[in-house]
Each structure stands twice: as structure tokens, then as C-alpha cells.
Amino acid sequence: MTLRFRLLWVALLGLLATAFAAWLCAAGYLYINQRQILYANKADIDAPDIRGLPIEDVRIRTPDGETLQAWYEAPKPGQPVILFLHGQGASLHNGKWRYVRMHKQGVGYLALAYRGFSQSTGTPSEDGLEIDSLAAYDWLKAKGFKDSDIVIHGHSLGTGPATYLATQRPARALILEAPFTAASDVGAERYPYIPVAFLMKDKFLNRERIGHVHMPVLIAHGDRDSVVPFSDGEHLFALARSPKVFVRMRGSEHNTLTHDGVYPYYWRFLGLPETDVDPAIHLSK
């Protein structure tokens, strides 16, 4: 072995060692900070100050001792109530335009801040969010609502606890907005060189749970979604039991479905009077 070859070999080993060390650092950073990355939660001083909406700022106790903040507006007589589970990094106030649409429609809503979000106590985890969703559902039952009055609605991250809840409690319907097949699937696509499925603690395996949901399911997804692939919504829809409806929001991004006119399709799905419908939206059954 010549001196030149030895030097090249040493240089190559050095490069490989440097690359491996960098990979270990990246994997370690993602592992240590994975829950902050996944939830992006923050404590906000959320107060229901949306003009014209009679929102009650309520507190819900969980079986494991946390106190959750939620915003509640009672439905008009004969209308359902929607249990809304928000997405990553959201606050209660982020749902303002949802509440306006639900108020105008006359449906009620309970918008929940998971543990560690807004003024809710605790630290988020998959198990924790599942406990929170059950506590919110049970709070509605204690208010006197029947199973057939309650609609479970999750957006993005919220589709994880929403799908779980729909396997544990009966309800009128399940609405999944911009859902993932699994949070770990999204992570694996975003970090293809990291063994996300092995390292991720909170996987939210919607693809394994959706087949155990025994209620009508609506999935809405924007075909320009840059956060959760549109194909995730299609795949989840294929795995869901009938009756089911898929709403393809043409040109919509991850967080623009409300603005782009998805709510009239929710009302149709729930058997409520329709408002204006955008003809660019395609429905599949």
C-alpha cells in the first residue's frame, strides 16, 4: 500500500467518521426534542373575546389530575355539538373562524386545549392527549348530550386523538381534516435518513385505528398540502369503513380548508341545511 493510498484511506475514514458523528448528533437532537417538535405547544393567556360569540371559558379535570381549558358554546335546540381537537402549535383563539361558522350554523362546540397548551396544565404526550379527548367527551356527556349529538372533529395533529376517541366512544360522526396515516409516517418522510419509526415515542397510528371506527367518517384534505401529504388522506380514506365521504379541496393548503369553504360539506355530511358550496371541491364516497 503506497503512502498516497494510505493518506486517501485515512482521509476517507475521517470523512465517514465526521458524517457518522453528524448523523448521530442529528438523530440525538430529534430524539431528545421530539415532543417539542411534534406538539410545538405553548402556554397562552387565551380568553374568549371573539365579538358576538357567547363562548364559555370552561375547565375540565382529567382522571390523571390535569386541568384543561376549553371553549364551549351550547347548540341551538336539535343541533349537534362538535368536539374540536386542534392541530400542532395551535391556541384556542386560532380556531376563531371555525367558531364563527359553527355559531352561524347553530351547532354547538367544545374546543379543547390539550395539556400543555393555552391555560391547560401538564405536558403533552400521545397518552396524555388521548386521556384529554376522553375527558372532553365525558364532559359533554355529563352536560346531558347523547352519543348521537356529539361529532368528533380533529384537524392535523388532532386527527390522532380524534381517531383514538372514535374507537373508544360512540358518536354521531368522525371528521378528520388534513389527517396523517401516522405522525411517524410524516416524520419519516421529513427525515428520511433517521429511523423515525424506531425512535418516535408518539406515533399516533391512525392507519391502524381507522378500521376500528364504527360511525360515519368524513376525511377532508387539500391537494396542495405541504405539511401532511394529500396521499395520507386518500390512504386513510381507503382504510376507513363505510359510510364514508372524502372531500378533496382543490388548491388548498394544510391550514386553509376553513377559509376555502369546507364547512358547508361538513354540514351536508351531518344532514344539516347546506350553505354555499364551492364547485371546485370534489366529493367521493
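Everything quoted here is computed from the prediction, not taken from an experiment.
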Closest approach of [X] and [Y], non-hydrogen atoms and distance?
X	Y	result
V227	R190	O-NH2, 3.2 Å
A173	F269	CB-CE2, 3.6 Å
H153	A162	C-CB, 4.4 Å
L83	A136	CD1-CB, 3.7 Å
L236	F180	CD2-O, 3.7 Å

Would you find a donor on one side and an acceptor on the other, under 3.5 Å apart, between the side chain of Q79 and the backbone of G108? no
Counting distance only, does the side-chain N/O of T256 pair as donor-acceptor with the main-chain N or O of H259 below 3.5 Å? no
Take D127 and Y164, measure what side chain to side chain donor-acceptor pair (under 3.5 Å) needs, and give me the verdict at the end. CA-CA 10 Å; D127 289 345; Y164 167 80; over 6 Å; no
How about [atom1] on [X], more than 12 heavy atoms from neighbouring residues, nucleotides or ligands closer than 6.0 Å, or not?
X	atom1	result
K146	NZ	no
K104	NZ	no
H103	NE2	yes
R224	CZ	no

Results of side-chain hydrogen bond (donor to acceptor under 3.5 Å, both in side chains) for D138 - residues two or more places apart only: R169
Check ion pair R115-D64 (N to O, under 4.0 angstrom): yes
Do NZ/NE/NH1/NH2 and the carboxylate oxygens of K203 and D185 come within less than 4.0 Å? no
Should Y266 and E177 be marked as a side chain to side chain donor-acceptor pair (under 3.5 Å) after you check the CA-CA gap, both sets of side-chain angles, and the distance that decides it? CA-CA 10 Å; Y266 295 163; E177 183 177 326; 2.7 Å; yes
Out of the candidates V217, I152, L176, only one should pair with T163 under the side chain to side chain contact (heavy atoms under 4.5 Å, CB included) rule; please name it. L176
Take F145 and Y109 through the test ring-ring contact (aromatic ring centres under 6.0 Å, His included) and record every step on the way to the result. CA-CA 12 Å; F145 291 105; Y109 52 88; over 10 Å; no
Please step through ring-ring contact (aromatic ring centres under 6.0 Å, His included) for the pair H86 and H93, ending with a clear verdict. CA-CA 11 Å; H86 65 69; H93 201 273; over 10 Å; no
Side chains of T67 and R61: any donor to acceptor distance under 3.5 Å? yes
